[in-house]
Amino acid sequence: MTKMTLREAITDAMRVEMRLDPNVILLGEDVAGGRGGSGGEGEKSGGVMGLTAGLYTEFGAERIIDTPISESAIMGAAAGASLTGLRPIAELMFADFFGVCFDQIYNQAAKFRYMFGNQKGAPMVIRTMIGAGVGAGPQHSQAVYPIFAHIPGLKVVVPTTPYDAKGLLIQAIRDNDPVIFCEHKMLFAEEGEVPDEAYTIEFGKARVVCEGNDVTVVGIGRMALLAEKAAVILSKEGISVEVIDPRTLSPFDMDTVLDSIEKTGRLAVVDESTPICSYASEIASIAASEAFSSLRAPICKITAPHTPVPAAPNLEAAYVPSVERIVAEVRKISNYKSKI
Amino acid sequence: MTKMTLREAITDAMRVEMRLDPNVILLGEDVAGGRGGSGGEGEKSGGVMGLTAGLYTEFGAERIIDTPISESAIMGAAAGASLTGLRPIAELMFADFFGVCFDQIYNQAAKFRYMFGNQKGAPMVIRTMIGAGVGAGPQHSQAVYPIFAHIPGLKVVVPTTPYDAKGLLIQAIRDNDPVIFCEHKMLFAEEGEVPDEAYTIEFGKARVVCEGNDVTVVGIGRMALLAEKAAVILSKEGISVEVIDPRTLSPFDMDTVLDSIEKTGRLAVVDESTPICSYASEIASIAASEAFSSLRAPICKITAPHTPVPAAPNLEAAYVPSVERIVAEVRKISNYKSKI
Amino acid sequence: MQLSRDDLREAYTTMKRIRVFEERMRTEFQKGEMPGFVHLYCGQEAIATGVCMHLSNTDNIGSTHRGHGHCIAKGCDVKDMALEIYCREDGLCKGKGGSMHIADLSKGMLGANAIVGGSPPLAVGAALAAKTLKNKAVAVAFIGDGASNQGTVFEAMNLAVVLKLPVIFVYENNGYAEFTGIDYHCGAVDITTRSSGFGMPAVKVDGTDFFAVHDVMREAVERARSGDGPTSIECEALRWYGHYEGDPQAYRSKTEVKEIKANKDPLEIFKQKVLEKELMENVEFEEINSLIEKEVDDAIKLALNSPLPPLSSLEENVYESY
Amino acid sequence: MQLSRDDLREAYTTMKRIRVFEERMRTEFQKGEMPGFVHLYCGQEAIATGVCMHLSNTDNIGSTHRGHGHCIAKGCDVKDMALEIYCREDGLCKGKGGSMHIADLSKGMLGANAIVGGSPPLAVGAALAAKTLKNKAVAVAFIGDGASNQGTVFEAMNLAVVLKLPVIFVYENNGYAEFTGIDYHCGAVDITTRSSGFGMPAVKVDGTDFFAVHDVMREAVERARSGDGPTSIECEALRWYGHYEGDPQAYRSKTEVKEIKANKDPLEIFKQKVLEKELMENVEFEEINSLIEKEVDDAIKLALNSPLPPLSSLEENVYESY
Ligand SMILES: Cc1ncc(C[n+]2csc(CCOP(=O)(O)OP(=O)(O)O)c2C)c(N)n1
Ligand SMILES: Cc1ncc(C[n+]2csc(CCOP(=O)(O)OP(=O)(O)O)c2C)c(N)n1
Ligand SMILES: [Mg+2]
Ligand SMILES: [Mg+2]
């Protein structure tokens with residue numbers, strides 16, 4: 001066990017798995033840290049966020065591959081290589097960039113197994129950065145995972161803790177289907193205890209962050225952290241909140257959520273993405289169908305508004321669901337009295 | 001009034017509006033019918049589906065523009081032209097192709113108004129073909145409108161009748177924001193009475209296809225037709241179904257749906273797209289929140305399965321929600337008795 | 001010509017197999033019983049054949065919507081293909097792919113592709129795997145003239161040059177992208193100048209001449225296998241039929257089609273050259289012809305009499321586990 | 001040189017305004033009070049200036065994430081810019097865009113663009129509008145060396161040639177795409193060979209020499225305005241600072257930066273040439289310098305003292321009506 005940041009946990013996952021499996025490669029823009037130029041072959045920084053720091057030095061240019069800015073070629077190359085013997089990790093620097101390369105992800109990699117009649121899936125991982133919080137504006141701050149989760153054939157991971165990030169990323173690399181691994185930029189500095197060796201966390205198993213009896217709150221990715229904080233505040237008011245971190249959106253562990261609703265009768269979902277066809281809507285809709293008889297209050301969706309992410313820091317702060325908003329909304333449904 | 005097919009209604013909408021507004025242009029692959037080659041400047045077919053037949057002859061090469069197979073350039077050119085004086089209609093032959101050009105749509109056109117502080121929106125229309133039914137397989141049969149509807153700044157239209165298609169398309173062309181107009185390939189041959197002149201249908205106003213008291217069924221696009229057929233069958237069993245065709249998904253007329261649920265207490269949504277983060281989920285989630293006290297049965301989502309669209313005709317038929325399935329599911333919720 | 005008699009027989013057999021298969025697809029499609037769209041390869045047989053004769057099962061190709069010829073040249077069984085095109089349970093893709101998604105990974109055929117420009121990045125990926133695994137395999141991307149305008153193709157080319165990957169980009173310039181002529185849709189003098197602009201050797205050959213294609217491909221494969229990076233080859237060969245079966249071809253003069261059928265038939269051109277040099281005899285050709293006719297007939301009949309996939313398979317194989 | 005004294009003053013003023021603005025951004029950013037990322041234009045001033053001096057407000061440009069220089073050269077007010085970069089209510093985009101999304105449509109500035117390769121298709125669209133409206137306007141797309149590898153750029157180029165659009169593609173080759181050198185990321189000898197492969201005139205100039213840029217741009221604009229289609233211009237000018245402010249630049253030798261600052265400063269090069277030919281006097285330069293220093297200082301102070309947007313604006317202006 002070592003105390004490390006989520007950023008370090010991600011790097012560590014790649015490092016330990018690349019040591020174990022020579023077929024794992026990493027490709028993307030500046031993942032080595034920049035080839036060419038006047039700097040020579042010295043120490044490389046390992047990506048704009050330093051997430052791949054040290055990997056080039058250890059694994060060399062054949063396995064840590066800097067690419068031109070050509071996301072379709074990067075994703076397609078990873079997909080093609082995954083069909084022919086490798087387990088590539090392809091970095092999509094910001095998830096917002098999916099628009100220039102999504103065909104290779106959703107029409108190619110994600111569909112191989114099905115449309116080729118199960119000859120093979122695409123064992124590749126797309127690591128990508130999501131989320132608002134650093135003032136980067138409308139094209140660098142989005143939480144577009146609902147679009148990924150919508151696609152049959154893709155698996156979608158949204159880790160919250162360093163421990164989960166490492167275990168889920170190793171699982172993603174070993175998985176025989178394409179996985180999009182969404183790293184929230186505001187979580188990189190989160191710290192936690194992480195085992196040194198390789199370990200995996202099964203997909204489709206939610207983590208119950210804290211138990212409670214009055215309201216079930218599902219918090220997606222970073223929102224699980226905020227929900228946890230809200231739960232502490234609410235508990236002081238006598239409202240007992242069960243917080244669930246799904247960890248993966250596709251597959252999604254609805255059983256854990258349904259079990260919780262059976263107990264609490266109340267559901268709130270906190271999702272940083274925009275509301276329409278969001279994962280908050282997805283969870284709410286399943287609950288409305290499968291937990292109908294348990295529900296004792298309207299389902300509450302706490303999401304970003306249906307707007308782009310504004311650059312201004314005050315607007316951005318208002319855009320992202322906050323602890324205060326979660327507290328207020330959960331309080332409301334916990335006070336809800338059925339008219340019947 | 002003329003009796004025409006939905007295909008003809010779409011052509012007609014473009015024709016009448018292009019006569020009225022010289023700033024409307026149309027660009028896309030083979031929208032003229034093919035330039036170059038050995039055929040000379042004779043009669044042109046107007047697109048692989050004949051949807052733009054006759055337009056080149058009437059409006060010429062300056063307004064009906066055949067392009068190379070470069071969807072990013074097509075969408076971007078339309079977006080750029082829409083900022084600088086034109087009202088372009090850009091054709092994305094199959095909606096499945098959004099993956100090669102979505103950045104220009106979702107990060108550029110859709111965000112202009114907001115991220116430029118309301119200097120201008122992008123008054124452009126993307127006409128595109130959706131849906132299964134012709135055995136075209138996994139990459140030519142998808143109903144990807146949930147992804148479009150998720151994006152703030154885009155408007156999304158899913159017409160069902162020839163009358164609506166013409167009125168909504170003219171509205172789309174006159175709209176000052178980007179609109180994705182989704183044409184279901186299995187609806188092209190549907191016939192109906194259509195006025196000869198230009199007229200518009202307001203976005204965000206659902207059409208109540210038939211009134212009923214027991215169950216509310218929202219059918220998206222082609223699914224409204226199937227829901228209507230199901231309603232006829234169910235009425236013979238004494239189940240009175242109210243069918244709602246939303247016509248536009250973004251904006252969405254939730255009021256009409258909520259009013260209907262207040263009356264019926266029961267909701268089913270029929271959506272041809274895959275289930276996760278679908279528009280069926282969206283509607284269900286809002287109902288679960290805003291119509292909670294009216295609901296007397298679990299909400300029922302009737303969608304395609306979480307799979308790619310299979311090529312085999314029998315599998316494809318099983319993939320798309322059918323009249324039989326709608327009948328069976330609606331019957332189930334209409335029989336539902338609350339345990340309380 | 002460094003081709004043995006066996007090589008020549010093989011080349012002709014492959015071209016003939018493609019021709020007969022596609023002509024049969026055409027008549028069968030016209031009966032209205034085939035699902036989806038069908039895009040025929042007639043007129044372009046020498047390209048797939050000349051290219052794939054240099055490849056083994058460990059070499060990979062990325063194909064297009066017009067993929068039947070590539071499948072056959074890459075060694076797919078026509079029975080398995082017919083079953084898939086008719087979307088039968090025992091088809092190569094269990095009936096889920098159909099004509100535009102046929103794939104046979106065991107033969108290094110990474111799939112037809114219904115997305116124009118979809119497969120070049122995949123082929124580059126296969127080449128990357130070959131380079132990483134040091135297995136000397138090469139990859140080929142088939143690219144239509146129309147597809148040459150898709151950004152993915154250029155990205156794939158640049159990446160291949162940057163990483164010096166063993167990949168060969170084979171343009172199949174059949175004159176048209178759907179209804180649009182290449183003289184309109186390609187802004188440059190030709191496609192080749194664009195590829196060479198990306199920093200790789202780029203050559204242009206007559207795609208109706210098997211020997212021309214085979215020759216330049218030999219060099220390209222050698223270059224790739226010896227680690228010298230990608231090559232681009234443009235093969236010109238007009239298509240005989242419509243873009244898809246049923247296309248009335250208003251954009252095309254009738255004389256053009258007549259002319260190429262009369263003078264640019266890849267099989268006839270091959271036959272004449274080989275007969276002239278007395279490398280094969282007429283009777284051999286006839287022997288092959290009748291074998292192939294039977295083979296294809298058997299395949300179609302098998303397909304027509306085979307069951308569609310069971311409904312239970314609809315939700316299978318989306319994931320290995322979920 | 002067909003430039004008047006006023007032109008020269010204007011050119012220098014613009015370059016100086018960019019320089020001072022960016023240097024100030026740098027020091028302000030280091031104070032840690034600015035939101036988001038900032039990408040500075042220092043070292044490349046002659047490009048935007050030489051290009052935009054040929055343009056009026058009805059001509060449009062598509063910019064990049066490194067867009068401040070383009071804004072200034074296209075005539076945006078530095079106050080409005082500073083307000084936007086600080087995301088203030090009265091900024092050009094009401095604080096919603098920030099540095100990477102600055103736009104001023106009234107000046108023909110169609111937006112910085114945080115998507116690499118995002119703006120060339122938009123510029124092609126502006127050129128299409130100009131052609132359709134027959135208003136003689138031209139459009140310019142600024143493209144980084146790294147952006148030159150994005151498929152959208154090549155698609156935009158081919159479409160522009162096919163439709164003969166009045167658009168000029170200006171490559172700003174500053175040696176690096178983030179941390180990656182152009183000698184690595186561009187497979188071809190240079191970017192220019194790739195553009196010319198698309199069938200348009202493609203030239204390469206020293207991007208630190210205002211006069212060189214201005215000259216080739218004149219021809220390109222004439223060509224475009226007279227209906228003869230697109231041109232590609234590659235301007236070489238290394239950037240002075242990191243990719244973004246705060247970038248430690250491990251990928252780059254210290255001597256490179258020292259060398260270019262000493263020998264390739266676009267403002268110094270301009271000054272020397274002009275002084276040599278006695279077209280302007282030293283005191284004029286100094287006059288301009290102090291005016292600009294004040295102008296920029298005022299702008300920054302205004303921005304710092306202006307309010308952020310009201311929270312009520314969060315959900316405004318997504319649509320005109322919804
Ligand atoms: C991304 C994308 N855009 C458009 C299409 C529709 N389409 C299918 S084939 C085709 C023409 C392709 O032309 P070419 O590459 O020359 O191949 P050919 O049909 O001539 O073999 C088009 C436009 C598509 N399938 N995918
Ligand atoms: C589609 C996309 N991919 C990657 C990035 C991340 N990114 C921002 S700037 C940049 C480098 C751009 O290099 P270049 O085009 O040379 O412009 P410069 O920064 O040198 O001005 C990268 C990779 C992005 N913003 N958009
Ligand atoms: Mg072609
Ligand atoms: Mg650069």
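Convention: sequence-line order gives letters A, B, ...; per-chain numbering from 1. Just so you know, these numbers use all the heavy atoms, side chains as well, and skip hydrogens, waters and symmetry mates.
Between C/Lys264 and C/Asp206 there is a salt bridge, since at least one side-chain N of the basic residue sits less than 4.0 Å from a carboxylate O of the acidic one. Checked for salt-bridge contact, C/Asp190 and C/Lys204 meet the test: a charged N lies under 4.0 Å from a carboxylate O.
Near-neighbour residues of residues 31-41 of chain C relative to chain B, defined by a heavy atom under 4.5 Å from a heavy atom of that chain, comprise C/Pro35, C/Gly36, C/Phe37.
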Self-check item: Pair B/Ser278-B/Ser281, side-chain hydrogen bond (donor to acceptor under 3.5 Å, both in side chains): steps then yes or no
Solution: CA-CA 5 Å; B/Ser278 62; B/Ser281 298; 3.2 Å; yes
Quiz prompt | B/Gln139 and B/Asp96: CA distance, side-chain angles, deciding distance, side-chain hydrogen bond (donor to acceptor under 3.5 Å, both in side chains) verdict | solution = CA-CA 6 Å; B/Gln139 295 172 337; B/Asp96 312 65; over 6 Å; no
Exercise. Carefully, step by step, assess B/Tyr145 and B/Asp271 under the rule side-chain hydrogen bond (donor to acceptor under 3.5 Å, both in side chains).
Key: CA-CA 10 Å; B/Tyr145 44 71; B/Asp271 182 350; 2.7 Å; yes
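Between B/Ile302 and B/Ile326, the shortest heavy-atom contact is CD1-CA, 4.0 Å. Taking both residues in full, the closest heavy atoms of C/Gly43 and C/Pro266 are given as O-CG, 3.4 Å, listed atom of the first, atom of the second, then distance. Between B/Pro308 and B/Tyr319, the closest heavy-atom pair is O-CE1, 3.6 Å. What you find for C/Ala114 and C/His65 is that their closest heavy atoms are CA-CB, 4.5 Å.
Taking C/Met100, C/Lys96, C/His101 one by one and counting their heavy-atom pairs under 4.5 Å with chain B, the maximum is reached by C/His101. Options C/Lys94, C/Glu84, C/Arg88, C/Arg252 differ in how many heavy-atom pairs under 4.5 Å they form with chain B, and the most are formed by C/Arg252. Residue with the most contacts toward chain C among B/Thr307, B/Val48, B/Asp30: B/Asp30 (heavy-atom pairs, distance under 4.5 Å). Note: B/Ser38 leads B/Ser38, B/Gly137, B/Gly34, B/Ala32 in heavy-atom pairs under 4.5 Å with chain C. Taking C/Gly98, C/Gly187, C/Gly95 one by one and counting their heavy-atom pairs under 4.5 Å with chain B, the maximum is reached by C/Gly95. Top candidate by heavy-atom pairs under 4.5 Å with chain B, chosen from C/His243, C/His185, C/Gln150, is C/Gln150. Heavy-atom pairs under 4.5 Å with chain B were tallied for C/Asn113, C/Val116, C/Ile115; the largest tally goes to C/Ile115. Among C/Pro309, C/Gly97, C/Gly146, the residue with the largest count of heavy-atom pairs under 4.5 Å with chain B is C/Pro309.
Looking at B/Glu71, both its backbone and its side chain come within 4.5 Å of chain C, counting heavy atoms on both sides. Of the atoms belonging to C/Pro248, not a single heavy atom falls under 4.5 Å from chain B. In this structure, the portion of C/Glu256 lying under 4.5 Å from any heavy atom of chain B is its side chain and not its backbone. Of the atoms belonging to B/Ser72, not a single heavy atom falls under 4.5 Å from chain C. Using a 4.5 Å cut-off between heavy atoms, C/Tyr244 contacts chain B through its side chain alone, with no backbone atom that close.
In summary, the aromatic rings of C/Phe198 and C/Phe154 are positioned with their centroids under 6.0 Å apart.
Not one N or O on the side chain of C/Arg26 forms a donor-acceptor pair closer than 3.5 Å with the backbone of C/Tyr241.
Ring geometry for B/Phe102 versus B/Phe98: interplanar angle over 60°, hence perpendicular rather than tilted (30 to 60°).
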